[in-house]
Protein chains: 2
Amino acid sequence: MNLARTSSNFASCADCNIRNRAVCATCDSDELSRLEDIKYYRTFDAGQQIMFQGDEMHFVASVVTGAAKLSRTLPDGRIQMLGLLLPSDFIGRPGREHVAYDVEAIQDVTLCCFRRKPFEALIDVTPHIGQRLLVMSLDELEVAREWMMLLGRKTAREKISCLLSLIGRRTASLHLQHVGDGLSFEMPMSREAMGEYLGLTIETVSRQMTALRKDGVIEMTGSRTIAIPDLTVLMAETGDDTDGGVLY
Amino acid sequence: MNLARTSSNFASCADCNIRNRAVCATCDSDELSRLEDIKYYRTFDAGQQIMFQGDEMHFVASVVTGAAKLSRTLPDGRIQMLGLLLPSDFIGRPGREHVAYDVEAIQDVTLCCFRRKPFEALIDVTPHIGQRLLVMSLDELEVAREWMMLLGRKTAREKISCLLSLIGRRTASLHLQHVGDGLSFEMPMSREAMGEYLGLTIETVSRQMTALRKDGVIEMTGSRTIAIPDLTVLMAETGDDTDGGVLY
DNA sequence: CGTTGACTTGAACATGATCAAGTCAAGTGG
DNA sequence: CCACTTGACTTGATCATGTTCAAGTCAACG
């Protein structure tokens, strides 16, 4: 496993790809330059652990590129993924000394980091950061509650359908890979990670993927390359209202 | 079903029982008086619906007394409870036009309400409210994630044990009803509500309660009067680390 | 060509859901 | 006071969904 690489200010905030969605989104140019003074970049390879539950939290960060997962492990080893961190998402909680969850890169990741103490000091004098953090936290709370609904009440098939439509729609909105009514994308996580996210075993994930394929809801060329011929068909499998929910 | 009763300013903020835990906790006297100008109280009977998913959100509120539940229903009728609202908890999301979840009183409830628009305007000029709201949202997020762990990975017996120890410890901290190592309390919700919270059916809830009773983990005199002879024994059934987690 | 890791498939099993009765205490009306 | 009803809870029998354990496939890589 490689060490994380650190480098300073290799990109200007002004032309950052997450400029208008991240924690800095509503900062004015003055606030932005003060953030810029304390930022530094770090990269992590896929599979590398970014933070360990219980460790001291030295920095908070925005995801710039790649994807990471938030998870917690029970004493006997059962794992539940608690969140998916994608570009513009925020890692860490200001005001907390210790890390509450494990954070692991599931793809190569670039983070825009801020040492925690200076960042906390900056919040107090920069209202736009606190306001933005509130909106982002409330959004995260809605996502978490949507996921509670899924974990508590949905069947394995519905869970898989939800995840696929979530990832599918998200990547479609990024890359605009529409093919008629359908779309295709690369799954950014292993079957194991899918199971950790959905509260299922890897075998159940695999079986339900096969079942959805046999029923013509999805097409697979290689285990992670997914095509959805008709999104409405997939949506009908999620158990949700057909007109679509919140979920990112 | 009775109508909700409305009355204005029957208590002064200064000697309110949730003064130092609610959204107003960090307000100075000036900010507090501006909040006081727009507040009004409403009460709801147990079982009465406070807000309906999808309705326009006319007000936000703090729970002053009693208990309410946050829940969502799937199109086919499956229900999942998403949060338990106790005194000092905040209801509603500033900036949102519509209600995202059903809110229902599970005991008689008193709310300290603020019409949404004036409250939103107040946030912008009252930094302490926004800051407090951020901390409360982050706390709620941690509770929601703890519950995701429970819903996704815990067994029925562990789920019931978690809920009992949660309610038990919470009421103990309020009323200090310790009896040696143990404690006793009244369950504030029906078996049905327990099932909705834990992602279980009412029958499974009942069976696991019986099983815990037969194993001597809990004692029951009447279906809602619970005694816990030894809290460490109950904690050992939760699947969590023995040194206790976050959970409220 | 053998090894490895990710994924799939199968058979047996177990946990919790479903369907159906049954208990029990608190009303309600004769 | 006694039947009758009602609602909340419990219990039992059966079923189904998802888990567990085990083996097998497949592509990538040395």
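Within every chain, numbering begins at 1; the chains are lettered A, B, ... in the order of the sequence lines, protein sequences first and strands thereafter.
If you measure from atom CE of A:M189 to atom C1' of C:dC7, you get 16 Å, rounded to the nearest angstrom. What separates CE of B:M209 from C1' of D:dA8 is a distance of 13 Å, to the nearest Å. The CG-C1' distance, from A:L198 to D:dG18, rounds to 13 Å in whole Å. Distance, B:M194 CE to D:dA8 C1': 13 Å, rounded to whole Å. Here C:dG22 presents its C1' atom at 13 Å from CZ of B:R207, a figure rounded to the nearest Å. Rounding to whole angstrom units, CG of residue B:D76 and P of C:dA17 are separated by 15 Å. Counting to the nearest Å, the P atom of D:dC9 and the CE atom of B:M187 are 11 Å from each other. D:dT17 atom P lies 14 Å from atom NZ of A:K159, rounded to whole Å.
In the set C:dG16, D:dT20, D:dT11, the nucleotide with an atom closest to the side chain of B:R213 is D:dT11. Distances were taken from every side-chain heavy atom of A:L200 (C-beta onward) to each of D:dC9, C:dT8, D:dT19; the shortest belongs to D:dT19. The side chain of B:T201 sits closest to C:dT18 out of D:dT20, C:dG16, C:dT18. When distances are taken from the side chain of A:T155 to each of C:dC7, D:dA13, D:dG18, the shortest belongs to D:dG18. Checked against D:dC9, C:dG10, C:dA17, the side chain of B:R191 finds its nearest nucleotide in D:dC9. Picking from C:dT8, C:dT18, C:dT9 the nucleotide with the shortest atom distance to the side chain of A:M220 gives C:dT8. Taking the side chain of B:Q208 as heavy atoms from C-beta on, and the options C:dA20, C:dG16, C:dT9, the nearest nucleotide is C:dG16.
A:S206 places no side-chain N or O within 3.5 Å of a backbone atom of A:I202 that could act as its donor or acceptor partner. Side-chain N or O atoms of B:R78 include one that pairs as donor or acceptor with a backbone N or O of A:R153 at under 3.5 Å. Looking at A:E237, its side chain never comes within 3.5 Å of a backbone N or O of A:L234 through a donor-acceptor pair.
Along DNA chain C, the nucleotide nearest to A:I202 and the one nearest to A:R153 differ in position, and the one closer to the 5' end is contacted by A:I202.
Salt-bridge annotation for A:K69 and A:E196: present, with a side-chain N of the basic residue lying under 4.0 Å from a carboxylate O of the acidic one. Ionic pairing of B:K154 and B:D240 is present here: one or more N-O contacts between side-chain nitrogen and carboxylate oxygen are shorter than 4.0 angstrom.
Interface remark: the B:E203 side chain does form a donor-acceptor pair with the C:dC19 base, using a distance-only criterion of under 3.5 Å. Looking at A:R157, its side chain has no donor and acceptor atom pair within 3.5 Å of the base of D:dG18.
Note on B:T204: a side-chain N or O is less than 4.0 Å away from OP1 or OP2 of C:dA17. Phosphate contact (OP1/OP2 of D:dT11, side-chain N/O of B:S206, threshold under 4.0 Å): absent. Contact check, B:T210 against D:dT11: a side-chain N or O comes under 4.0 Å of OP1 or OP2.
For the 3.5 Å distance criterion, the side chains of B:E158 and B:T238 fail to qualify, holding no donor opposite an acceptor.
Here B:G195 lies out of heavy-atom contact (under 4.0 Å) with every strand. In this structure, B:R78 reaches neither bases nor backbone, as no heavy-atom distance under 4.0 Å exists between it and the strands shown.
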